[in-house]
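So the structure is just underneath, and the comments pick up after that.
As the structure is a computational prediction, the values presented were derived from the model and not from experiment.
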Amino acid sequence: MLPRLPMTRPGRSRRDVGSDGLTDDERAALVAEYHATVARKSLKAVEKDVIDRWLASRAAG
């Protein structure tokens, strides 16, 4: 059986981490970066039209 891993980061900080190995502050920083870059992208009219047509075809089928 494997030893139970502590849910704290080793070293001087000894801050609690989640199952993903990140602290709450690190996770919040990644979310803020995502919202400022990738999630901020707006769709072009052509892309929106393609999505609308695909959704309409799914609703009809």
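- For the residue pair L22 and D20, the shortest heavy atom distance occurs at N-OD1, 3.1 Å.
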Taking only distance into account, with no hydrogens and no angle test, what donor-acceptor pairs under 3.5 Å do side-chain atoms of residues 32-39 form with protein atoms, sequence neighbours excluded?
| unit_1 | atom_1 | unit_2 | atom_2 | d |
| --- | --- | --- | --- | --- |
| T37 | OG1 | E33 | O | 2.8 |

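- Residues passing the side chain to side chain donor-acceptor pair (under 3.5 Å) test with D52, sequence neighbours excluded: K48.
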Using a 3.5 Å cut-off and no angle test, enumerate the donor-acceptor pairs between side-chain atoms of residues 53-61 and protein atoms at least two apart in sequence or in another chain.
| unit_1 | atom_1 | unit_2 | atom_2 | d |
| --- | --- | --- | --- | --- |
| R53 | NE | D49 | OD2 | 3.2 |
| R53 | NH2 | D49 | OD2 | 3.4 |
| S57 | OG | W54 | O | 2.8 |

